[in-house]
Amino acid sequence: MRMTRYFLPVLRETPAEAQIASHRLMLRAGMIQQSSAGIYSWLPLGLRILRKIENIVHEEQIAAGHIPMLMPTLQPASLWQESGRYDDYGREMLRITDRQGRKLLYGPTNEEQITDIFRAHVNSYRDLPLTLYHIQWKFRDEIRPRFGIMRGREFLMKDGYNFDIDKAGAIHSYNRHMVSYLRTYERLGLQAVPMRADTGPIGGNHSHEFLVLADTGESEVFFDNRILGNRFGDRKLDFDNREECQGIFDEWTSPYARTDETHDPKEFEDQVPAEHRQTSRAIEVGQIFYFGTKYSQPMQAMVVDADGQRTAVHMGSHGIGVSRLAGAIIEASHDDKGIIWPRSAAPFDVGIVNLAQGNTATGEVCDDLCTALEGLGMEPLYDDTRERAGSKFATMDLIGLPWRITVGPRGLAVGEVELTERRSGESIKCTPEAAVNRLRSIYTGQGG
RNA sequence: CGGGGCGUAGCGCAGUCUGGUAGCGCGACGGCUUUGGGAGCCGUAGGCCGUUGGUUCGAAUCCAAUCGCCCCGACCA
């Protein structure tokens, strides 16, 4: 992508309303623009990041055997009256009346909607287990939206719903979600710690939240810091194997880890040696619930079991805040110059900086680099503007692409460009071909 | 919703107390000189001072209402 043909409205100064790093940097990097309180437009760069995160979430859900679909943003009030939540949910629910006087609401979550779909089509235990999910915009009319997209009113969330014949099956679904979420966060370069949580308005009696440690987080958390060494890594796993999933679940949930809602100071002291007790602020980036028959019972989502008896299905729901993850990654990965994207979420893979726009030699090399990188399936962002070097570097640092190739007349005179890693700031000087090869080996593990 | 604050050019702000024809920096645009870490000089464009009503000869400034936004708290992906 050539920058002169792109839309990248970066800001040199920080808008006054932005208090935390992610909000500041998202505005400055031209990722988002506020529309009204807690509601944002996603500008082209921001959209790319959102899509990258979404894709990873999709891949991990599908790997776990979950099935994608899409439900609407607007739901009929009648479904929520059936579950009893139309009155319970309170003022966070945005209620809308259409021209016919029908009551609608902008969905804050989709338990009712999915249960309605399920009960219309599934009648037998033979069709279970089933887990459906979607990634869709949600609206919660927060009392006080803040911190940019971290606590927006409109936000993009992946929410999944499992249907199982009994509690044991639903607990396996719960564990499977735990594993799929751990893998998702790890791919995004985040260390998210599962912590025992309250169930809130979703209800139920079994829930974990996933928290990314960050000073600007809204939650206070208490945990055994030995859990920070846990990595999923590249281990293989059969998601249908209950023991394997339970093993991963146990591995990640046996160390003490609680949010302030469930924290018990006495248990903390009893279970965790003083040198491992840690307290921190953290950002909640996901939550999983098992709630049994809370919705299936009132909404009559029944199947016939192996004995021919009609029985309410056991359900759970599972959410990852996709738009919030964009902010959480920035909170966890930035410096005073700007964002540092992990490769998996970066809007472009590499930035190409032409230091002498208009110079035939540098122009040709930059064009060739773009062609070569695109040929390898990478996405370069080519700064072909007439800005000065300092300004171009500052922009690249701000938007945080993992790699930068700098092409200038001085280096080209000896046949060299410069390949710089954003995270470490380390540079090597090499031929353009060598730079491409280096990136190829990093991105595909091939060549050299 | 309780408490605090703010709406003046695309962005950051001054001017408001003490009423008198709207200013600075950055950015944009044009020219010249520069050109490997946010250049220099000269010039240009851009504002119903959030909105409505009032006081006044005169309102960004005083008064009232209203809309919006931000921060702290209770709620949440």
Side-chain angles (χ1 to χ4, degrees), chain A residues 9-20 23-24 27-28 30 33-39 53 57 89-93 107-110 135-160 181 192 197-202 207-212 217-219 259 261 282-289 317-328 337-338 353-359 362 385-398 404 406-413 416-418 420 425 427 429:
Chain A
V10 298
L11 304 176
R12 192 164 167 168
E13 287 172 271
T14 302
E17 71 269 18
Q19 300 295 312
I20 65 170
H23 189 196
R24 228 167 34 229
L27 289 169
R28 287 198 54 214
Q33 179 169 324
Q34 182 168 9
S35 170
S36 60
I39 303 179
I53 297 170
V57 171
Y89 212 90
R91 312 231 311 155
E92 272 193 20
M93 182 193 284
T109 176
N110 287 62
I135 297 180
Q136 176 63 291
W137 292 93
K138 305 291 187 292
F139 196 94
R140 294 184 190 171
D141 200 358
E142 299 281 344
I143 297 169
R144 182 156 99 82
R146 67 190 120 163
F147 301 146
I149 51 86
M150 297 293 271
R151 176 157 301 288
R153 292 193 292 169
E154 188 182 47
F155 58 97
L156 189 62
M157 181 167 89
K158 171 262 153 183
D159 44 324
Y181 279 22
D198 250 2
T199 53
I202 307 283
S207 182
H208 282 86
E209 287 179 336
F210 296 81
L211 290 116
V212 172
E218 294 189 83
S219 309
T259 64
E261 293 159 346
I283 301 165
E284 188 191 339
V285 292
Q287 187 162 9
I288 57 179
F289 302 87
S317 70
H318 318 275
I320 285 189
V322 172
S323 47
R324 181 182 283 181
L325 273 171
K337 293 177 184 167
V353 172
N354 186 344
L355 290 179
Q357 196 64 40
N359 175 307
T362 60
T385 65
R386 292 187 176 268
E387 291 296 309
R388 303 165 64 84
S391 161
K392 290 190 174 192
F393 292 147
T395 298
M396 282 296 175
D397 289 343
L398 174 63
R404 185 184 82 210
T406 308
V407 181
R410 248 182 242 175
L412 276 195
E416 285 179 346
V417 298
E418 195 177 16
T420 307
S427 287
K429 290 185 171 150

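Chain A is the first sequence line, chain B the second, and so forth, proteins listed ahead of strands; every chain is numbered from 1. Atoms considered below: every heavy atom in the structure, side chains included; atoms not considered: hydrogens, waters and symmetry mates.
When the C1' atom is compared between B:G7 and B:C48, the two are found 15 Å apart, to the nearest whole Å. When the P atom is used for both B:A60 and B:C1, the distance is 32 Å, rounded to whole Å. B:G50 and B:A9: their P atoms are spaced 8 Å apart (whole Å). The separation of B:C24 from B:G47, taken at their C1' atoms, amounts to 14 Å, rounded to a whole angstrom. When the C1' atom is used for both B:C62 and B:U16, the distance is 10 Å, rounded to whole Å. Distance check on atom P: B:C69 versus B:U44 gives 38 Å, rounded to whole Å. Separation of the P atoms belonging to B:C26 and B:C49 is 25 Å when rounded to the nearest angstrom. Rounded to the nearest Å, the gap between the P atom of B:C63 and that of B:U55 is 15 Å.
Mapped onto RNA chain B by nearest heavy atom, A:G286 and A:S391 fall at different nucleotides, with A:S391 at the one closer to the 5' end. Nearest-nucleotide mapping onto RNA chain B: of A:R324 and A:V407, the residue sitting toward the 5' end is A:V407.
Looking at heavy-atom distances under 4.0 Å, A:D159 makes no contact with the nucleic acid at all. Heavy atoms of A:G411 sit under 4.0 angstrom from at least one base atom. Counting any heavy atom pair closer than 4.0 Å across all strands shown, A:I143 reaches a base atom. Backbone-only engagement by A:T14 is indicated by non-hydrogen atom pairs under 4.0 Å involving sugar-phosphate atoms exclusively. At a threshold of 4.0 angstrom between heavy atoms, the contacts of A:G148 with the nucleic acid are absent. Looking at heavy-atom distances under 4.0 Å, A:R28 makes contact with a base. Within 4.0 Å (heavy atoms only), A:G408 reaches at least one base atom of the nucleic acid.
At distances below 3.5 Å, at least one donor-acceptor pair connects side-chain atoms of A:R140 with backbone N or O atoms of A:P108.
Rounding to the nearest 0.5 angstrom, the gap separating the CZ atom in A:R153 from the CD atom in A:E92 is 11.0 Å. Taking CD1 of A:I283 as the start and OG of A:S219 as the end, the distance is 9.0 Å to the nearest 0.5 Å. Rounding to the nearest 0.5 Å places NZ of A:K158 at 2.5 Å from OH of A:Y181. Expressed to the nearest 0.5 Å, how far CE of A:M157 lies from OG1 of A:T109 amounts to 4.5 Å. In this structure, the separation between CG on A:L27 and CD on A:Q33 is 8.5 Å, given to the nearest 0.5 Å.
Per the geometry, CD belonging to A:E142 stands 13 Å off P belonging to B:C71, to the nearest Å. Spacing between atom CD of A:Q19 and atom C1' of B:G5 amounts to 11 Å, rounded to whole angstrom units. Whole-Å rounding puts the A:I53 CD1 to B:A77 C1' distance at 13 Å. Look at CG on A:D397: it is 8 Å from C1' on B:G37, rounded to the nearest Å. When rounded to the nearest whole Å, the span between CD of A:E261 and C1' of B:A74 equals 12 Å. The nearest whole Å value for the distance from the CZ atom in A:R386 to the C1' atom in B:G27 is 20 Å. Protein atom CZ of A:F147 is 17 Å distant from nucleotide atom P of B:C69, rounded to whole Å. Computed from coordinates, the A:I39 CD1 to B:C70 C1' distance equals 16 Å when rounded to whole Å.
Closest approach to the A:S36 side chain among B:C69, B:A74, B:G36 is made by B:C69 (side chain taken as heavy atoms from C-beta onward). For A:A37, the listed nucleotide lying nearest its side chain is B:C69; candidates were B:G73, B:C69, B:U34. The side chain of A:E418 lies closest to B:G36, out of B:G12, B:G36, B:C1. Side chain of A:Q34, nearest nucleotide from B:G73, B:A77, B:C69: B:C69. In the set B:C1, B:C71, B:A77, the nucleotide with an atom closest to the side chain of A:R146 is B:C71. Of the candidates B:G73, B:G37, B:G12, the closest approach to any side-chain atom of A:F393 belongs to B:G37. Across B:C70, B:G37, B:U34, the shortest atom-to-atom separation from the side chain of A:A389 is found for B:G37.
For the ring-ring contact (aromatic ring centres under 6.0 Å, His included) test, residues two or more places apart in sequence or in another chain that qualify with A:H318 are A:H177. For A:F139, the ring-ring contact (aromatic ring centres under 6.0 Å, His included) partners at least two apart in sequence or on another chain are A:Y106.
The phosphate of B:A77 has OP1 or OP2 within less than 4.0 Å of a side-chain N or O from A:Q287. Residue A:R144 places at least one side-chain N or O closer than 4.0 Å to OP1 or OP2 of B:C72. The shortest distance between the side-chain N/O atoms of A:R388 and the OP1/OP2 oxygens of B:U35 is not below 4.0 Å.
Residue side chain A:R404 does not reach the base of B:G36 through any donor-acceptor N/O pair under 3.5 Å, judged by distance alone. The base of B:G25 sits with one of its N or O atoms less than 3.5 Å from a complementary donor or acceptor on the side chain of A:E13.
Residues A:E17 and A:H23 have side chains in contact (heavy-atom distance under 4.5 Å, counting atoms from C-beta outward).
Base pairing of B:G73 is made with B:C1, judged by Watson-Crick or G-U wobble geometry with both donor-acceptor distances under 3.5 Å. The partner of B:U35 cannot be assigned: no Watson-Crick or G-U wobble pair with both contacts below 3.5 Å exists in any strand. When both distances must be under 3.5 Å, the Watson-Crick or G-U wobble mate of B:G7 is B:C67. In this entry B:G43 has B:C29 as its Watson-Crick or G-U wobble partner, both defining distances falling under 3.5 Å. Nucleotide B:U21 forms a pair with no other nucleotide shown, judged by Watson-Crick or G-U wobble geometry with both contacts under 3.5 Å.
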